[in-house]
Structures are given as structure tokens and as C-alpha cells.
Asker: 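I'd like to ask you about the structure that follows.
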Protein chains: 2
Amino acid sequence: MGKPATGAAARAKPGVGKSVVGTPIVGKSTVGKPAAAARQGRPKTANRLKRIEAKHAAILDAALALFSRYGLHGTTVEEIARTAGVSKTNLFYYFASKEDVYVGVLSRLLDLWLEPLREFQLDSDPIEGIREFIRRKMLFSRAHPEASRLFCLEMVQGAPLLRGELETSLKALVDSKVPVIEAWVAAGKLAPVDPHHLIFALWATTQHYADFASQIDALLKTGLDDDRFVEEATRNVQRIVLDGLRVRNEG
Amino acid sequence: MGKPATGAAARAKPGVGKSVVGTPIVGKSTVGKPAAAARQGRPKTANRLKRIEAKHAAILDAALALFSRYGLHGTTVEEIARTAGVSKTNLFYYFASKEDVYVGVLSRLLDLWLEPLREFQLDSDPIEGIREFIRRKMLFSRAHPEASRLFCLEMVQGAPLLRGELETSLKALVDSKVPVIEAWVAAGKLAPVDPHHLIFALWATTQHYADFASQIDALLKTGLDDDRFVEEATRNVQRIVLDGLRVRNEG
DNA sequence: GTCTATAGTCGGATAGAC
DNA sequence: GTCTATCCGACTATAGAC
């Protein structure tokens, strides 16, 4: 007997039904494991595991592409399966539910998204470090525009799934960078600015190119596909953030 | 006989069914008019029209709140109706379909969203003009966070409905500002920067506070509700964009 | 104009053969 | 592990009484 409880009803009445959405990602290791295969049947050879992983990844890839374009409720399991090259029934062999797929996608996503921030190591020269961070973020936006957009979608909608991770992983990461930035400001190596707002500005300006790609395309008929455009965008963001718009009198 | 063709199927097969999504907003005046009332039955008194408009607006307000949180497919007509304080059937008396409601919301939205840009009149002093623009944008983000988020949702998902408007209204508006900015740069009143990327940076940094509110809340436990936070955010964005992060030696 | 009842269909999830 | 067939709840939209 199916217990769909799909769509609005599922989120409107949290706690009712088995809805996974709303449950923060805690044990990432259990997420994304095959639904039936998880409770193993027979000893798996390395080959078996590899084929399973490949299929698994194919489904997640397909799901990312669709979820980022149409959202969770705008995407059907049928479409995900077709895009991944598997049958709908087969997809349900690997994932317990549609939301299980969604959680799997988001889980991979967050690690990916946090990467540039983790490498935010502004060593000796903060100016050079920020310039490099912007460059990396822009490259990330170009390499993973769908990931950036799905992340944005989640944020805009309140990130019920990621909230837990944001308050732990992300916050810890941000908190670790704040004193560094503060020290630079104190040492006169950086103009006086609040570390958090600085980080927000860096995120906003760089992700904008992936998240608002359709707007940019409508205006300029170009975007992150064009290497020249990426270069130009990177240069301009670096200039604005580092030097500002006010004309300088010094060299 | 209902022909729902809702959800994924509707957008996956454009042209099939009566799906409105995908049709650019052309005649805004016809959008948002009562479905049945549009083809008038009897002469409407001023009072009648006023009550109709009020109900109409209530539905659109409720829809904006829900669409911005859960997206088009994550929101049910039933919820919109309940939130607006009308029955579902009654909602269908005023709007031909769910997508008709959605189009109505987006239509109102774009006008609202374009407003700050329209007033981007950087008169004599560009620095003062940009500072003021940032302030206005931040106030807009605070006053209409839901509008900002729904706009963002649409953009991220490819803006099938707004594309036409973006390529006309928005583009015309942006195009009219570009030569002004270029002239300032040429006159040495502004650091050398590409006008489009400047505009993108202004949009990105200011809207970020509405669109990523949940992230900011997870990190700082505050947001646009707090006047002090809004002030601080405004000040920091202005400082970063206008003066940059590099330490200045001059006064 | 507003309501009750319901038609029609979509899409998530399962059963069970192979 | 994969497939065919199917179930069934949720949701959009309409019919028709009042």
C-alpha cells in the first residue's frame, strides 16, 4: 500500500508520515547507500560494489541536474531514472524514496561547496589570498553551476535539510576564519571591515554568476560557458572588492 | 473533465496541454484579472470592483508567501486559498489556474523589483549615487524579502516566465545606465570598471541578505528583521564596494 | 459568488515474476 | 537485480446546487 504523502502535505505537516525532508543530514555515511543493498544479501565482490557505486553516482548526477533546474517538487522520479538511464523501479531499488535521492544529492553538494572556503588560507598576504579566493570561487561556479544553483535553491527556501550542517560544519569553518581576518584588520593589512560581511560579499559576488546565469544571459547573451567572460568577470570582481569604485590618487 | 497536466509533465512537454508556464509575460494588464469576472456578467459598481480587487490582492499576497518558500510545485492551491482566507473553489473563480496565480504574482513582482534600478539616477556624484543605491536596495530587501526570494527562485530555475521581460524591460533599463557609468569612468570620477559587472556586484551583494537569509541566520542568529544588522550590513557593503579592502594611504 | 462533491489524472511507491 | 503491472493518495479543476 503506497504511502505517498508527497508534495505540500508532506512538508505542511512535519512529523506526520515518513517524510525525510526536515530531517537534518546527520550521518552522511548512511545517506546515499542503496536502500535494499544496504542490508546486504550476499558477500559483494569489488566488482559488484563498483558497478553499484557507478549506478548510484549516475542517479545522483541526473538528480542534481534536474533538481537544480526544477526543484524537488518540480522533478519526477521517472525523469531522474530516464536521465540516469535506469528504470524507475530500479531507482527505487537503490534509493528508498525520492527524498532519499534528494538528501543524497545535497549531501555530496555541501562538501563540494565548502571546499573553496576550506582552502581560504590567506597565508601571508591577505590581498593576494582574497584575490585567489575569488578566482577559485569563480572557477567553481563555472565547473559546478548546477551545484551552485541547487545550493542557492535550498538556501532561498529556508534550507530545512541543511540547517543542521550550516550551524555546525559551515559555522565552524566561518568562525575559524573570522579571527584571522580581524587580526589582519588590526595589523593594518586590510581596510576596517566586518569579517562576516566580507565573507558574504565574496560569496555573493562570485555565486551570482552561476545563480543568476539566466539573467546575465538575457542581458549579455553570454555566461560562464565563455572563458573570456569568466576572466573578465573575475577581474572585475577582484577590482571592485579589492580596490573599490572610488578613484585612487596614489599609485 | 479535468486536464491537470500539472507538475513535471507540463513543463517537460511544452506545448502539450494548456500550461501557461513557459509563456512570457506580454500583456501584463490581462494577467491577474479574475477568470470569470474578466468576461463580465453585469455592470460592476465601484464597490464591487474594490471588493474583488481586495480578494484578488489577498490571494496574490498569500501566493507570494508560499511560492517564495516552497516554489510553484511545492505549493498547493488549497494552501494558497486557506492562507488567503478563501475557499479553494472560490480561488478558481478568480483565477483560471494555479499557474495563472503564479504569473500574477511574478508580474507584480517584476515591477517592484525594477523600482530601485529605475531610480538609479547617480546624478552628479557617482559615489554618492552608488552609496544611495545600495542603501535603497538593502531597504528593499528588508521590506520585501519574499519578493526578492521568489525572484531569485525564478532566476535560478532559468526564468522561463520572465525571460521575455528580462530581455526587454530589464535590458532597456540596464542599457540606459551603462553609458552613464562609462562616462563617469572616462571622466575619472569612477575607477575603471565594466558597467555590467558593477551592476551585478551591486545586485549580488545587496540581495544576498534576503536570498541567503537562512544561511545568515544559521551563522549569526540574526538577519534583516534586526534594524541594527541592516545598518551594519549596509555600511559594510558600501565600504567594500566603494573603498575596497586594500588599505589606503591617502586620507 | 460561494459552497459541496467529485471527476480526472499524475506520480510515488510496492508486489511479485523472473 | 531488474522488469511489468498496478495500487493509491494527493492535487488540480469542474459540475451543479443554492
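By convention in this document, chain letters (A, B, ...) are assigned in the order of the sequence lines, proteins followed by strands, and residues within each chain are numbered from 1. Quick caveat, the model's predicted, so the values are computed rather than measured.
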Asker: Taking NZ from Lys98(A) and P from dG12(C), how many angstroms apart are they, rounded to a whole number?
Answerer: 5 Å
Asker: Round to the nearest Å and state the distance from Asp100(A) atom CG to dA13(C) atom C1'.
Answerer: 13 Å
Asker: Roughly how many Å is it from CZ in Phe92(A) to P in dG12(C), rounded to a whole number?
Answerer: 6 Å
Asker: Could you tell me how far apart Tyr93(A) (OH) and dT4(D) (C1') are, to the nearest whole angstrom?
Answerer: 18 Å
Asker: Are the charged groups of Arg142(A) and Asp225(A) less than 4.0 angstrom apart, N to O?
Answerer: no
Asker: Nearest whole Å is fine: how far is dG11(C) P from Glu79(A) CD?
Answerer: 8 Å
Asker: Inspect the contact between Lys221(A) and Glu167(B) and indicate whether a charged nitrogen and a carboxylate oxygen are less than 4.0 angstrom apart.
Answerer: yes
Asker: With a 4.5 Å cut-off on side-chain heavy atoms, are Leu150(B) and Tyr102(B) touching?
Answerer: yes
Asker: Please report the distance, rounded to the nearest Å, between NE2 in His73(B) and P in dC10(C).
Answerer: 14 Å
Asker: Could you grab the distance from atom CE of Met138(B) to atom CG of Leu224(B), nearest 0.5 Å is fine?
Answerer: 6.0 Å
Asker: Report yes if at least one side-chain N or O of Tyr94(B) is closer than 4.0 Å to OP1 or OP2 of dT2(C); otherwise report no.
Answerer: yes
Asker: Could you check how far CD of Glu99(A) sits from P of dG11(C), rounded to whole Å?
Answerer: 16 Å
Asker: Could you list the protein-to-nucleotides 3-6 of chain C atom pairs, N/O on both sides, closer than 3.5 Å?
Answerer:
residue : atom : partner  : partner atom : Å
dC3(C)  : OP2  : Ser87(B) : OG           : 2.4
dT4(C)  : O4   : Thr89(B) : OG1          : 3.1

Asker: Rounding to an integer number of Å, can you tell me how far Leu91(B) CG sits from dT12(D) P?
Answerer: 10 Å
Asker: Quick one: pull up CG in Asp226(A) and CG in Asp217(A) and give me the separation to the nearest 0.5 Å.
Answerer: 11.0 Å
Asker: Which distance, rounded to the nearest 0.5 Å, do you find between the CZ of Arg149(B) and the CG of Asp211(B)?
Answerer: 7.5 Å
